[in-house]
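Note that these values count all heavy atoms, side chains included, but never hydrogens, waters or copies made by symmetry. Numbering of residues begins at 1 and proceeds along the displayed sequence.
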Amino acid sequence: MRKRKDAVKRRNVLPKSRRSKLMKKTAMLLSAFCLTATFFSGCGRTADITDNSKDHQAPSEAAEDLKWWQKTNAYEIYVNSFQDSNGNGYGDLNGIRSRLDYLSDLGIGAIWLTPVYDSPMEDNGYDVADYYSINHRYGTMEDMDALIQEADKKGIKVVMDLVFNHTSDRNEWFMRSSESRDNEFSDWYIWRDPKADGSEPNNWRSIFGGSAWAWNEKRQQYYLHTFAPSQPDLNWENPDVRNALYDVADFWKRKGVGGFRMDAIPYIKKPSDFSDGPVDDSEGRCDIHKMTANTDGILDYLREFKEKVCVGHDIFTVGEANGVSADDLKYWVGDDGVFDMIFEFSHMNLEFDGAEIWCRAGSFELAGLKKALTDSQKATALNGWYPIYFENHDKPRSINHFFPEGSDPVLAGKALGTVLLTLRGTPFIYQGEELGLTNVSWDSIDDYNDLNSKSQYDIAIKEGFSEEEALDFVYRFSRDNARTPMQWDGSDNSGFTTGTPWLPLNENYKEVNAKLENEDDFSVLSWYRRLSYFRSGNDILLKGDYNELLNENKDIYAFERKDTSGRLVILVNFSNKDAGFDPAGAGISGEKERILFSSYGDNEGEEARSIMSLRPLEAVIIGE
């Protein structure tokens, strides 16, 4: 809490006249987001603010050849935690509908919903029991139809999460498959006989820990589960399975959705040889990712999916493709690729060398982030498109992930938001990222809901770490960090629910919430809105080339975006100290180059060539 107050205090040391001028300027900028209407139910404010011709830009003409999803921002909604409309403690579809204006003001054109299908919720919806039904926790199919239609009216497309590597063990397909070895569904999943000694078919370890095989008494066989035992893997070798999945996608396409995010897609193709892998833990097991991810032949399946589901339709696809390198992106996206975009993890898993085992994580180095982002930008520069992201429902909050301990969350949130909204590609904002939300730290592993947190805690204990040390790894990497309820205001339960939240809120919700940030021109939310609007009408940011600058600088990530119409330079200090740089090395030398945006807010409009260093966590955008 104190750090956020310090951040406000630091901003207010400006002279009163200068501060008044800046506040007037920022208020004018915010008019572009139609804030004259109520911001959101129950806590909106009206403001009589006029348009600002300086930052108001006409829709891009040079970017007319881009598709709709290349010119907008996407937003991931973790449905459980976004907005509850009926007081049961869980977010729902009608809750999302009530917040569409908030999303529209942020410049969002697509909302990716985590799974809303019927599910026993062993893994919060990523265990699907019925792809054609809505989880009663979230509402009804009528509610879903209403959300799609109302979002459409506001220029926002709904994107469904297709969980096609596995289903729930309560899915009818699996229940039929598990009944016998000779019915029409018997080959819909991965079944194998035990070894001669009765043990599992091999030593693969699931993503969530323990054996990747579970015993089925009826069939007297093991079935494969890349994740939890309640999530059996589908057999993509069977064309009946593939066609059934394509039918699911067609059903939602007819509903009017704007695209699909495809979950855990690297695992759909299994190797022909189910042999043991090299042991990498104390239990004699091997990480399943190492044995099955991106197996040869996977692209053939995905080309078929593209042909049967996507071609000829105005939708986009983005695959979750952990393990795909920048060098291989050309096979996955672009003219001959299988997706429009893929979430690859090179910049997200920098702490891990091999298996993602939390207790073996290394430290974060900015050089690694710069290289990973530059490699991906270059790989998609001429053929393909990149989804820019730094948070999702499976990762910790980016402020804790990418910045030193003790970093000011307001400045850090603005810093990373600057990178997110100025790289080439489609920005994907994760709920709460635009507020600068941070990690939680609960007292006991029993307080955590996340299955992976519990298994990673157990792995740490088995590897000899103390309970306190094991919990520290959970603090750092738990998926629950990003899953706490959305912080809308300072009321009880932060405006998320009138009931008891399914997961505890972050304790800082009274000081960090959308209502307060909506009223603070210097907040992370205001910064996101301002940059989002600037991006939407800027040809350089939408289509311009990317080139990294100041590559050897250990504290600053710098790059330029340029096209025939001009050039922008983005400089972001990732450290908590002043970071010097050579302006000439960044190509900053002209008299006309000015500081267009500054996260400190006190030097916008000044000559850019006069700055020789960035203040702690400072982000600036320079242009003419």
Side-chain angles (χ1 to χ4, degrees), residues 1-50 52 55 99 101-107 397-399 407-418 420-421 429 431-438 486-491 494-496 505-534 597-604 615-621:
M1 316 305 183
R2 178 177 57 82
K3 294 189 181 75
R4 286 191 65 92
K5 292 178 181 177
D6 288 349
V8 174
K9 182 179 180 180
R10 177 165 58 249
R11 290 194 298 262
N12 288 345
V13 297
L14 296 172
K16 185 176 180 180
S17 60
R18 177 68 167 155
R19 196 163 70 238
S20 175
K21 179 181 177 182
L22 284 168
M23 291 181 71
K24 180 178 180 182
K25 176 182 177 182
T26 306
M28 292 168 71
L29 287 169
L30 290 176
S31 66
F33 305 106
C34 303
L35 294 180
T36 53
T38 53
F39 173 49
F40 48 98
S41 300
C43 55
R45 64 167 184 151
T46 57
D48 184 15
I49 43 184
T50 58
N52 186 327
D55 277 15
R99 299 294 186 178
D101 285 342
Y102 171 85
L103 297 169
S104 181
D105 287 342
L106 193 55
R397 289 294 183 178
S398 55
I399 289 173
S407 293
D408 180 276
V410 175
L411 291 173
K414 289 183 179 183
L416 203 56
T418 304
L420 177 71
L421 291 164
I429 302 168
Q431 66 182 50
E433 184 178 6
E434 77 279 11
L435 303 178
L437 298 191
T438 53
M486 185 69 171
Q487 296 171 206
W488 294 108
D489 57 42
S491 66
S494 200
F496 164 68
L505 283 109
N506 191 314
E507 293 180 355
N508 67 3
Y509 74 88
K510 289 186 179 295
E511 291 81 26
V512 186
N513 60 67
K515 184 176 187 294
L516 286 179
E517 295 200 25
N518 181 55
E519 298 166 352
D520 179 0
D521 296 334
F522 295 96
S523 68
V524 180
L525 177 60
S526 294
W527 183 255
Y528 264 74
R529 286 177 174 156
R530 190 176 168 206
L531 289 189
S532 173
Y533 184 72
F534 179 69
F597 294 85
S598 167
S599 59
Y600 275 66
D602 58 355
N603 57 352
E604 291 181 0
R615 290 165 286 187
L617 304 174
E618 185 172 16
V620 297
I621 301 175

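- Among all heavy-atom pairs drawn from Leu421 and Ser532, the shortest one is CD1-N, 4.1 Å.
- In the model, Tyr528 has no side-chain atom that pairs as donor or acceptor with a side-chain atom of Glu517 under 3.5 Å.
- To the nearest 0.5 angstrom, Ser491 atom OG is 12.0 Å from Phe496 atom CZ.
- For the pair Ser599/Thr418, no side-chain contact is recorded, criterion being any heavy-atom separation below 4.5 Å from C-beta on.
- Judged by distance alone, with hydrogens and angles left aside, the side-chain atoms of Lys515 form no donor-acceptor pair with the main-chain N or O of Trp488 at under 3.5 Å.
- Arg529 approaches Asp105 most closely through the heavy-atom pair CG-O, 3.8 Å.
- Asn506 has its side chain out of reach of Leu437: every pair of non-hydrogen atoms, C-beta onward, lies at least 4.5 Å apart.
- Taking 4.5 Å as the limit, some side-chain heavy atom of Tyr600 sits within range of a side-chain heavy atom of Leu411.
- Interatomic distance, CG of Asp520 versus CG of Leu516, reported as 8.5 Å (0.5 Å rounding).
- Nearest heavy atoms, Gln487 versus Leu505: CG-CD2, 4.4 Å.
- Side-chain contact of Ser494 with Asn513: a donor-acceptor pair under 3.5 Å is absent, judged by distance alone.
- When all heavy atoms of Ala415 and Ala619 are compared, the pair lying nearest together is CA-CB, 4.0 Å.
- From Asn603, atom CG reaches atom CZ of Arg615 across 5.0 Å, with rounding to the nearest 0.5 Å.
- Here the shortest heavy-atom pairing between Trp527 and Glu604 reads CZ3-OE2, 4.4 Å.
- The closest side-chain heavy-atom distance from Leu617 to Val410 is not below 4.5 Å.
- Side chains of Leu525 and Leu435 form a contact here, defined as non-hydrogen atoms less than 4.5 Å apart.
- With Glu433 contributing its side chain and Gln431 its backbone, the two residues share no donor-acceptor pair below 3.5 Å.
- The two atoms that bring Pro409 and Gly436 nearest to each other are CB-O, 4.4 Å, heavy atoms only.
- In this structure, CD on Glu434 lies 13.5 Å from CG on Leu531, to the nearest 0.5 angstrom.
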